[in-house]
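Written out below as structure tokens is the structure these notes cover.
A, B, ... follow the sequence lines: proteins, then strands. Residue 1 opens every chain.
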Number of protein chains: 2
Amino acid sequence: MELDRIDRKILSILQEDGRIANVELAERIGLSPTSIGERLKRLQREGFVEGYGARLNPHRLGLGLLVFVEVLLDKTTPDNFERFARAVKLAPEVLECHMVAGGFDYLVKARLADMTAYRRFLGETLLSMPGVRETRTYAVMEEIKRDAPLPVG
Amino acid sequence: MELDRIDRKILSILQEDGRIANVELAERIGLSPTSIGERLKRLQREGFVEGYGARLNPHRLGLGLLVFVEVLLDKTTPDNFERFARAVKLAPEVLECHMVAGGFDYLVKARLADMTAYRRFLGETLLSMPGVRETRTYAVMEEIKRDAPLPVG
DNA sequence: TAGTTTGCCTTATAAAATGAGGGCTAGAAG
DNA sequence: CTTCTAGCCCTCATTTTATAAGGCAAACTA
């Protein structure tokens, strides 16, 4: 249940290179491939590792615009939150959505081709979602740090 | 240079399961493993795929608190932006940092163990960074959507 | 102390990745 | 119209990797 130094090293390396061969992982850590394999299987079984994914370059895919949108909901209808959440999960442009405590209700992160695509997204998707009362958009001018690995050390 | 239907399918599948065997990927798409391998190598060479990573469960790692922090910089010193960017890259708690257009300068996304850890982070890391004038913190109460795949279709 | 668990090892076997070589087709050039 | 070439896919042989079985030693427990 507790992670030792080797577990953390496995997680750390896998976070950077999720497709590394077990053999290479083993020799970088200094154990046999079998042991590493067993540990890794345990880490997955116990839920530390949820899966693996390719890191794609959004700009290369024509998604040049990153925006954050603060969303305020109309709170007169009680099931608006539930319905908004469901709608957000269906929108492919939305990469993240979080309910926050503070001046607004939701923070949405979305990637789009350009401002034209964003205007369409705002009008046809976001503002059409159930109970949305107000939005504030922040366009990203420069990505200083992107998807850093979780600190496991 | 242009992506066809098969390329997109490869990217789409790999985004969800970055460790899928080439053989299985091939039969899910309906081509030979060799062809898929060649395409994949091309997609990496041309920068569509930047790498692979394990998806870790932050809560399982003791990082139960997700926060977004809006940061305003003191703009009297011109190189503050540069220095702030450098400092942010060194902080392991910071998963993302974006320079935005609008009411503030940077949006920081960070994961921490709890509010106690956040207070320390705010005081010792964020507010100690060069040129930081003001911050507004939004704690996430519920993650509606987390790290969705990029739309490649 | 004796039994049991845990974590690692080696070895054998099964599966997958990789590289060489060849065929088919579409478009370009003669 | 024919020939050449480039792109894309295939099969097959070889190397590399994953996986499963079994054993050994240290630590923990009764």
Side-chain angles (χ1 to χ4, degrees), chain A residues 1-63 113 147 149-153, chain B residues 1-63 113 147 149-153:
Chain A
M1 186 99 298
E2 271 293 293
L3 297 179
D4 65 10
R5 211 181 45 80
I6 293 178
D7 290 326
R8 291 176 193 281
K9 204 158 186 176
I10 292 175
L11 293 179
S12 170
I13 293 176
L14 277 178
Q15 228 176 339
E16 309 274 359
D17 180 4
R19 255 204 161 182
I20 189 176
N22 223 322
V23 180
E24 193 190 330
L25 184 57
E27 66 193 24
R28 268 176 61 180
I29 290 181
L31 253 75
S32 78
T34 313
S35 299
I36 296 290
E38 282 166 4
R39 276 173 179 268
L40 182 49
K41 204 177 290 180
R42 195 194 73 229
L43 290 170
Q44 293 179 204
R45 183 164 13 92
E46 294 187 349
F48 293 98
V49 178
E50 294 184 334
Y52 303 86
R55 277 191 298 269
L56 306 188
N57 184 329
H59 296 92
R60 210 69 183 69
L61 292 166
L63 298 169
D147 272 316
L150 295 180
V152 294
Chain B
M1 186 100 297
E2 271 293 293
L3 297 179
D4 65 12
R5 212 180 45 81
I6 293 177
D7 290 325
R8 291 177 193 280
K9 204 158 188 178
I10 292 175
L11 294 179
S12 170
I13 293 175
L14 277 178
Q15 227 176 340
E16 309 274 0
D17 181 4
R19 254 202 160 180
I20 190 176
N22 225 321
V23 180
E24 193 191 330
L25 184 57
E27 67 193 26
R28 269 175 63 180
I29 290 180
L31 254 77
S32 78
T34 313
S35 298
I36 297 291
E38 281 166 3
R39 274 173 181 268
L40 183 49
K41 204 177 287 180
R42 194 194 75 229
L43 290 170
Q44 294 179 203
R45 185 165 12 93
E46 294 185 350
F48 293 98
V49 177
E50 294 183 334
Y52 302 87
R55 277 191 298 270
L56 306 189
N57 183 330
H59 296 91
R60 210 69 184 71
L61 292 167
L63 299 169
D147 273 316
L150 296 179
V152 295

* **End-to-end axis angle, where each axis spans five pairs of the helix from C:dT1-D:dA30 to C:dG30-D:dC1, to 10°** => 20°
* Do the side-chain N or O atoms of A:Lys41 get closer than 4.0 angstrom to the phosphate oxygens (OP1, OP2) of C:dG7? -> no
* Calculate, to the nearest 0.5 Å, the distance between atoms CD and CG belonging to B:Glu38 and B:Leu43 respectively. => 12.0 Å
* To do: Not counting sequence neighbours, list each pair that qualifies as a salt bridge (charged side-chain N to carboxylate O under 4.0 Å, His left out) and has a residue in residues 48-60 of chain A.
  => A:Glu50-B:Arg146
* Near DNA chain C, which residues from residues 3-14 of chain A have a heavy atom under 4.0 Å away? -> none
For residues 14-23 of chain A, dump all side-chain donor-acceptor pairs below 3.5 Å to protein atoms at least two apart in sequence or in another chain.
{"from": "A:Asp17", "atom 1": "OD1", "to": "A:Arg19", "atom 2": "N", "distance (Å)": "3.1"}
{"from": "A:Asp17", "atom 1": "OD1", "to": "A:Ile20", "atom 2": "N", "distance (Å)": "3.4"}
{"from": "A:Arg19", "atom 1": "NE", "to": "B:Gly18", "atom 2": "O", "distance (Å)": "2.9"}
{"from": "A:Arg19", "atom 1": "NH2", "to": "B:Ile20", "atom 2": "O", "distance (Å)": "2.9"}

* Short side-chain N/O contact to D:dC8 OP1/OP2 from B:Arg42, under 4.0 Å -> no
* Shortest non-hydrogen contact from B:Val49 to A:Ala54? -> CG1-CB, 4.4 Å
If you look only at distance, which donor and acceptor atoms sit under 3.5 Å apart when one is on a side chain in residues 4-12 of chain B and the other is two or more places apart or in another chain?
{"from": "B:Asp4", "atom 1": "OD1", "to": "B:Ile6", "atom 2": "N", "distance (Å)": "3.1"}
{"from": "B:Asp4", "atom 1": "OD1", "to": "B:Asp7", "atom 2": "N", "distance (Å)": "2.8"}
{"from": "B:Asp4", "atom 1": "OD1", "to": "B:Arg39", "atom 2": "NH1", "distance (Å)": "3.1"}
{"from": "B:Asp4", "atom 1": "OD2", "to": "B:Arg39", "atom 2": "NH1", "distance (Å)": "3.2"}
{"from": "B:Asp4", "atom 1": "OD2", "to": "B:Arg39", "atom 2": "NH2", "distance (Å)": "3.1"}
{"from": "B:Asp7", "atom 1": "OD1", "to": "B:Arg39", "atom 2": "NH1", "distance (Å)": "2.9"}
{"from": "B:Asp7", "atom 1": "OD1", "to": "B:Arg42", "atom 2": "NH2", "distance (Å)": "2.9"}
{"from": "B:Asp7", "atom 1": "OD2", "to": "B:Asp4", "atom 2": "N", "distance (Å)": "3.3"}
{"from": "B:Asp7", "atom 1": "OD2", "to": "B:Arg42", "atom 2": "NH2", "distance (Å)": "2.6"}
{"from": "B:Arg8", "atom 1": "NH1", "to": "B:Val152", "atom 2": "O", "distance (Å)": "2.8"}

* Rounded to whole angstrom units, what separation is found between the CG atom of A:Leu40 and the C1' atom of D:dA20? -> 16 Å
* Can you find a heavy atom in the side chain of A:Leu56 that is under 4.5 Å from one in the side chain of B:Pro149? -> no
* When you measure from every atom of DNA chain C, which of residues 16-38 of chain B have a heavy atom less than 4.0 Å away? -> B:Ala21, B:Asn22, B:Val23, B:Thr34
* Nearest atoms (heavy-atom pairs only) where B:Ala26 meets B:Ser32 -> CB-C, 3.8 Å
